[in-house]
Enquirer: 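Here it is: the structure, laid out below.
Side-chain atoms are counted along with the backbone in the values below, which use heavy atoms only and exclude waters and symmetry mates. Residue numbering restarts at 1 for every chain, and letters A, B, ... go by the order of the sequence lines.
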2 protein chains.
Amino acid sequence: MEDRGGYGQFCPVSMAAEILCTRWTALVIRELLCGSTRFNQLRRGVPRMSPALLSKRLKELEKIGVIVTAPRESGAVEYHLSPAGEDLRSIILGMGFWGQRWVESQLSLKNLDPSLLMWDIRRNLNPEPLLPGRCTIQFQYPELPEPQRNWWMVIEKGKVDLCGFDPGYEINLLVRSSLRTMTAIWMGFAPIPHELAAGRLELQGERPIANAIQKWLTLSTFAPEPRRVS
Amino acid sequence: MEDRGGYGQFCPVSMAAEILCTRWTALVIRELLCGSTRFNQLRRGVPRMSPALLSKRLKELEKIGVIVTAPRESGAVEYHLSPAGEDLRSIILGMGFWGQRWVESQLSLKNLDPSLLMWDIRRNLNPEPLLPGRCTIQFQYPELPEPQRNWWMVIEKGKVDLCGFDPGYEINLLVRSSLRTMTAIWMGFAPIPHELAAGRLELQGERPIANAIQKWLTLSTFAPEPRRVS
DNA sequence: CAGTATCCCCACCGATACTG
DNA sequence: CAGTATCGGTGGGGATACTG
């Protein structure tokens, strides 16, 4: 009879926790904060969440007023954060910075996922140092089986495209490392020059593009945060 | 095979959410931030959480490094936040302020609980305007059944005691209202003068103590936050 | 593409009782 | 006071299929 989901407390921390601390919800909001608006965009950001559950969460968040939906001509809808949802940004960012400060890197690096990593890199890649013209950068994780081993990033006219298949263009730079190394670099755990020197990161191709890697390969938002655990 | 509880993402938001967004965890941390250190103190702050689950959560949080335990001579332990746990304060507070800004008051006021309210009032009551000597204030919620109707707050030597039974002292002030009204006042939804004028809040007893109610009855930490929903 | 529907299983949670 | 033990229920997640 009692509401099974809730905490039964009037305290605003409790009310917020009922919304924010439901399974997957924080990550869905993170995706929306990063700019995803379509169902399958959101799915790419939370690949291990079932579509049924994602759909349910989106409806709940809309009902609560954290999300607003805008119908599109195709019949599908776009999901956007309401002002209340946008106001969660500092909390979600706070959680990320806390995680960066206090969660052991070994623990984070147990959750390797090339498609998530590449999706994140694409989202933050800075095309400006790679202009003008088209630039194709191939990422290779030699230890992975075929469908996950190679990724191509095509930068053209300031737009970044990510492919899981060879787009057929000339490769301007090949970036080769283990998935673990690239993830550690992305998280800010390992500096690029250090990994290059140790031979764990290899760059083959045009020197100017290789030399500019620290300019175009923007690291995670949380990478600059000083760590407080080993 | 896969870890059922986690999200499988290296993102620090995800790592933090795995910790913070487990059921009840945010509220347990809130209690620790408020200064509770003993098992049964914590239970009073999360009365609808089973002791088994509280015990489990405390162990998990200790293992993660958010809590440290200190044994006491009686054999039981004291729970304290580690630096990592203390560093969660801004996030928990952020959640509370967000809730205060955006959660409809009607929704919060569906979760009335006199013992939680009185426990909160006790924790924040300012004894300074009630000095010197002993002062006994009775709170009465006439609509409630007997074991929850009357509460006594005894202020003496700067210390505040809460009783669910008549301590036998002379009552210096009787505060009478519905539980809903008192909760709304505490949350900052309804100003005390307004509720007095409307007859929903009655004060009987010594005038100076009644007149000073806005000095000793500190409202919730979140009460001053401007609301952004009706 | 953008979801909805269904089935099954199981880990987590709630409730209650119990113990040193 | 400070927890542990036990048991039954259920919501979440995987799998799969289906619809407009």
Side-chain angles (χ1 to χ4, degrees), chain A residues 1-9 14 17-28 31-32 36-63 67-80 111 113 164, chain B residues 1-9 14 17-28 31-32 36-64 67-80 111 113 119 164:
Chain A
M1 52 163 300
E2 309 286 346
D3 50 315
R4 316 269 301 133
Y7 296 122
Q9 299 195 4
S14 168
E18 286 189 19
I19 295 170
L20 205 56
C21 297
T22 307
R23 187 153 167 79
W24 290 109
T25 299
L27 297 193
V28 171
E31 288 306 303
L32 288 160
S36 294
T37 62
R38 309 262 297 273
F39 192 82
N40 280 359
Q41 280 180 337
L42 292 167
R43 286 196 68 183
R44 294 187 74 161
V46 283
R48 304 179 41 154
M49 184 181 191
S50 77
L53 192 50
L54 174 57
S55 174
K56 187 181 167 197
R57 285 285 180 275
L58 289 169
K59 283 186 181 13
E60 291 168 1
L61 290 171
E62 185 185 8
K63 189 173 175 188
I67 281 180
V68 289
T69 58
R72 300 187 312 132
E73 62 273 17
S74 66
V77 298
E78 270 185 8
Y79 300 94
H80 289 277
N111 296 321
D113 182 326
Chain B
M1 46 171 289
E2 308 288 346
D3 50 318
R4 316 272 297 133
Y7 296 121
Q9 299 194 4
S14 168
E18 285 188 19
I19 295 169
L20 205 56
C21 297
T22 308
R23 187 154 167 77
W24 288 111
T25 299
L27 298 192
V28 171
E31 287 307 302
L32 288 160
S36 294
T37 62
R38 309 263 297 271
F39 193 83
N40 280 0
Q41 280 179 337
L42 292 166
R43 285 196 67 181
R44 294 188 73 160
V46 282
R48 304 177 44 152
M49 185 182 191
S50 77
L53 192 50
L54 175 57
S55 174
K56 187 181 166 197
R57 285 284 180 275
L58 290 169
K59 283 185 183 12
E60 292 167 359
L61 290 171
E62 186 186 6
K63 189 173 177 190
I64 290 168
I67 282 180
V68 288
T69 57
R72 301 187 310 135
E73 62 273 19
S74 66
V77 298
E78 270 185 7
Y79 301 94
H80 290 277
N111 296 321
D113 182 327
W119 181 243

Enquirer: Give the rounded distance in Å between these two atoms: CZ of Arg23(B) and C1' of dC13(C).
Expert: 8 Å
Enquirer: Output every pair passing side chain to side chain donor-acceptor pair (under 3.5 Å) with a member in residues 37-46 of chain A, not counting sequence neighbours, ordered by first then second residue.
Expert: none
Enquirer: Please list, chain by chain and in numerical order, all residues satisfying side chain to side chain donor-acceptor pair (under 3.5 Å) with Ser36(B), sequence neighbours excluded.
Expert: none
Enquirer: To check you understand the geometry: which heavy-atom pair defines the closest contact between Leu32(A) and Tyr79(A), and what is its length?
Expert: CD2-O, 3.8 Å
Enquirer: If the cut-off is 4.0 Å, is Arg38(B) near the phosphate of dA2(D), judged by side-chain N/O to OP1 or OP2?
Expert: yes
Enquirer: Which whole-number value in Å describes the distance from Tyr7(B) OH to dG12(D) C1'?
Expert: 11 Å
Enquirer: Taking a pair as Watson-Crick (N1 to N3 plus N6-O4 or O6-N4) or G-U wobble (N1-O2 and O6-N3), both under 3.5 Å, which stems of 3 or more consecutive pairs involve DNA chain D?
Expert: C:1-20 with D:1-20
Enquirer: Rounded to whole angstroms, how far apart are CG on Leu54(B) and P on dC1(D)?
Expert: 14 Å
Enquirer: With a cut-off of less than 4.0 Å, is there a side-chain N or O of Lys56(A) near OP1 or OP2 of dG12(D)?
Expert: yes
Enquirer: Send over the distance from Leu58(A) CG to dA2(C) P, rounded to a whole Å.
Expert: 13 Å
Enquirer: Please identify each residue that fulfils side chain to side chain donor-acceptor pair (under 3.5 Å) with Ser55(B), with sequence neighbours left out.
Expert: none
Enquirer: Output the rounded distance in Å from CD (Glu60(B)) to P (dC12(C)).
Expert: 9 Å
Enquirer: Measure from CG on Leu53(A) to P on dT10(D) and round the result to the nearest Å.
Expert: 19 Å
Enquirer: With respect to the side chain of Val77(A), which nucleotide from dG12(D), dG3(C), dA2(D) is positioned closest?
Expert: dG3(C)
Enquirer: Using a 4.0 Å heavy-atom cut-off, does Arg43(A) contact any base of the nucleic acid, only the sugar-phosphate backbone, or nothing at all?
Expert: nothing
Enquirer: Applying side-chain contact (heavy atoms from CB on, under 4.5 Å), can you list everything that pairs with Ser50(B), at least two apart in sequence or on another chain?
Expert: Ala52(B), Leu53(B)
Enquirer: I need the minimum non-hydrogen distance between Gln9(B) and Pro47(A), along with the two atoms involved.
Expert: NE2-CD, 3.9 Å
Enquirer: Can you sort out the partners of Trp24(A) under ring pair (Phe, Tyr, Trp, His ring centres under 6.0 Å), two or more places apart, ordered by chain and number?
Expert: Tyr7(B)
Enquirer: Are any of Tyr79(B)'s side-chain N or O atoms less than 4.0 Å away from OP1 or OP2 of dG3(D)?
Expert: yes
Enquirer: Can you tell me how far the CG atom of Leu54(A) sits from the CE atom of Met49(A), to the nearest 0.5 Å?
Expert: 5.0 Å
Enquirer: Nearest-nucleotide wise, let me know which of Trp24(A) and Phe39(B) is further upstream toward the 5' end of DNA chain D.
Expert: Phe39(B)
Enquirer: Using the 3.5 Å cut-off, write out each protein N or O paired with an N or O of nucleotides 15-20 of chain D and the distance between them.
Expert:
none

Enquirer: With sequence neighbours left out, what residues match Thr25(A) under side chain to side chain donor-acceptor pair (under 3.5 Å)?
Expert: Arg57(A)
Enquirer: Measure from NZ on Lys59(A) to P on dG3(C) and round the result to the nearest Å.
Expert: 8 Å
Enquirer: How many whole angstroms separate atom CZ of Arg44(A) from atom P of dA2(C)?
Expert: 12 Å
